[in-house]
Amino acid sequence: MVIEKRHRLHREYYTGYKMMSVTICCHGMLSQYYNHETIGTLILFLSEASLKQNCIVPVYCFMPDHLHFMLAGQQEQSDLKKAVINFKQKSGYWFSQNAKEVQLQKGFYDHLHWKDHSITNHIRYILENPVRKEIVSEWNQYPYSGSIGVDLFDVLGGKPINKT
């Protein structure tokens, strides 16, 4: 069963030069649809949604039963929540047309980052998901993780992600 998570924060907390981690659970990803073509399509949707809302994606990791990504607003009008909703709409529609048995969680889990020092640790935590699940032995061997709009290795090296 797919569970919905209510968002407790007002919309203003998701706009501007903010940074947010997102987790979306899904049912059915262990099927034949967990492949380069499907994940490539989802990465394209994430890229389009983040670009539309003036965000970058410092890290993403698509796991067989859930996905993680981080968004960073790059302008005052950046809207992190709208970017996630847009991504979910596009990917949900794609699944309804191509893989009806795959269902995304109705809502999503979010975590707003208030301090810069926790960001690199959180990115490493996201990247280590396939290692903890024993899919790969090193995070950089996993083909379904990366970044959009920023160099992942710069982020891991501590370079600033946004203008805050």
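Every value quoted in this text rests on a predicted model; they were computed, and no experiment measured them.
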We want to know whether Gln141 and Ser137 form a side-chain donor-acceptor pair, criterion being a heavy-atom distance below 3.5 angstrom. yes
Keeping the roles fixed (side chain from [X], backbone from [Y]), state whether a donor-acceptor pair exists under 3.5 Å.
X      : Y      : result
Lys100 : Ser96  : yes
Asn98  : Trp94  : yes
Lys52  : Ala49  : no
Ser147 : Leu152 : yes

Mind listing the closest non-hydrogen atom pair of [X] and [Y] along with its distance?
X      : Y      : answer
Phe95  : Leu104 : CE1-CD2, 4.2 Å
Glu128 : Trp139 : OE2-CD1, 3.4 Å
Ser78  : Cys55  : CB-SG, 4.2 Å
Leu156 : Ile123 : CD2-CG2, 3.7 Å
Tyr60  : Leu46  : CB-CD2, 4.1 Å
Glu76  : Tyr17  : OE2-CE1, 3.2 Å

Atom CD of residue position Gln97 - does it have more than 12 heavy atoms of other residues, nucleotides or ligands inside 6.0 Å?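 For Gln97, atom CD is crowded (more than 12 foreign heavy atoms under 6.0 Å).
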If you draw a 6.0 Å radius around CD in Gln77, do more than 12 non-hydrogen atoms from other residues or ligands fall strictly inside? yes
Evaluate the side-chain contact (heavy atoms from CB on, under 4.5 Å) criterion for residues Val57 and Leu71: first the C-alpha distance (whole Å), next the side-chain angles of each, then the deciding distance (0.1 Å), finally the verdict. CA-CA 5 Å; Val57 182; Leu71 291 169; 3.8 Å; yes
Derivation of the side-chain contact (heavy atoms from CB on, under 4.5 Å) call for Tyr144 and His36: CA-CA 8 Å; Tyr144 305 132; His36 290 300; 3.4 Å; yes
Rounded to the nearest 0.5 Å, how far does [atom2] of [Y] lie from [atom1] of [X]?
X      : Y      : atom1 : atom2 : result
Leu112 : Asp110 : CG    : CG    : 5.5 Å
Met20  : Lys81  : CE    : NZ    : 9.0 Å
Ser50  : Phe69  : OG    : CZ    : 9.0 Å
Ile39  : Glu37  : CD1   : CD    : 11.0 Å
Ser47  : Ile56  : OG    : CD1   : 12.0 Å

Please check if [X] and [Y] belong to a single hydrophobic cluster, counting links between Ile, Leu, Val, Met, Phe, Trp and Tyr side chain heavy atoms closer than 4.5 Å.
X      : Y      : value
Ile135 : Leu42  : yes
Ile85  : Leu51  : no
Ile43  : Val84  : yes
Leu67  : Val131 : yes
Met70  : Leu44  : no

For Val22 and Phe87, run side-chain contact (heavy atoms from CB on, under 4.5 Å): C-alpha distance rounded to whole Å, both residues' side-chain angles, the deciding distance at 0.1 Å, then the answer. CA-CA 12 Å; Val22 176; Phe87 166 73; over 6 Å; no
Yes or no on side chain to side chain donor-acceptor pair (under 3.5 Å) for Tyr142 and Asn129, after CA distance, side-chain angles and deciding distance? CA-CA 10 Å; Tyr142 193 64; Asn129 259 259; over 6 Å; no
Derivation and outcome, side-chain contact (heavy atoms from CB on, under 4.5 Å), residues Asn86 and Gln53: CA-CA 9 Å; Asn86 185 262; Gln53 292 302 322; 6.0 Å; no
Run the numbers on Thr23 and His66 for side chain to side chain donor-acceptor pair (under 3.5 Å), then give the verdict. CA-CA 7 Å; Thr23 302; His66 68 283; over 6 Å; no
With a 4.5 Å cut-off on side-chain heavy atoms, are Pro130 and Cys61 touching?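 Touching, per the 4.5 Å side-chain cut-off.
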Taking the inter-plane angle between the rings of Tyr125 and His68 on a 0 to 90° scale, is it parallel (under 30°), tilted (30 to 60°) or perpendicular (over 60°)? perpendicular
